[in-house]
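See structure below.
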Amino acid sequence: MNRVIEAIHREYDSLLRNPLAGANRIRDIVLLLCLLLLCANAAFALPQSAAVPGGIAIVALGEHNNAPRVYYLGKRVMVLQDGGHWQAVVGIPLSAKPGRHTLRVQPQGAKDRSVTFTVGAKQYDEQHLQVPPRMVNPNPEDQRRIARDLKLSAEAYRTFRSGDRITTRFILPVEGRYSSPFGLRRFFNGEARNPHSGIDLAAPTGTPVRAPAPGRVLATGDFYYNGNTVFLDHGQGLVTMYCHMDSLAVKTGQTVETGQILGTVGATGRVTGPHLHWSVSLNDARVDPLLFLAPEIVAQLVQ
Ligand code: ZN
């Protein structure tokens, strides 16, 4: 971006020195200004919007001096400033029904109001698997462990930490093969299970897993299904989860930067081979992690 600004300065200086250089220079300056705007936009890029179950709605909130508080399904929602306007960045749960949905907007020093947005339909693929009976019918001891895991995960996903420096454009946490998409409707031994709440990236055991954006380690643990797991809090209800890791390199409460190693890929928990399961959650709704990646990274991944 600095190179673009320097180029604009150079063009402007030479125009002042030689005003007869004319229209071409003005055209160049306009082009460079457009490029500058594009660069500025990329630096603060919002996630890709896809107002469907498991997607993200970006809802304009209009003019406010300060960020209004916004709630969806009783949960606090991320609010970011984009080009001088406040935008709600809303995670839509996979269980959401297509149709009109309502945000409760609380501007500072003004009355609450409702803002509606429309959720479209999306049909996710089905996957039928035969799995060992223990995975479908865990024993009482395992069931207690699963209940404890669920409580810990629910608490992590409900986290909302205020802050205005939010990175919503992620790097890929691991170099791996895109082996299972988000939203897959899974059937184990013919029984409907929860849909796939993240993406799987297959990679050899020991491959580094990196933080996709700056954050804080919310929790770590050894979970029955998910194995060695890390939760990261990126601020304003944006929480990510990394599962089945072989080793962990971070501790709860620690701050991490983009690219920092969280641990390594493994096959812990109930899995058939080494991979990273990666979930992304907004306002306690699991959404497709691909929406937080640059389009060129997505194109490479899904090709
Ligand atoms: Zn998975």
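Whatever order the structure lists them in is the order used to number ligands and atoms, beginning at 1. Residue numbers run from 1 in the order of the sequence given.
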Restricting His277 to its N/O/S atoms, the closest one to the Zn ion (ligand 1) is ND1

Per residue Asp200, nearest N, O or S atom to the Zn ion (ligand 1) is named OD1

Open item on the list: Please check if the number of heavy atoms outside Gln106 that lie under 6.0 Å from its CD is greater than 12.
Closed with: yes

(message) For a distance under 2.8 Å, tell me if His196 has an N/O/S atom near the Zn ion (ligand 1).
(response) yes

Salt bridge or not for Asp288 and Arg286, using N-O below 4.0 Å?
no

Worksheet item: Is any side-chain N of the basic residue among Asp222 and Arg145 closer than 4.0 Å to the acidic one's carboxylate O?
Response: yes

Only residue of Thr252, Asp233, Thr255 satisfying side-chain hydrogen bond (donor to acceptor under 3.5 Å, both in side chains) with Arg216 is Asp233

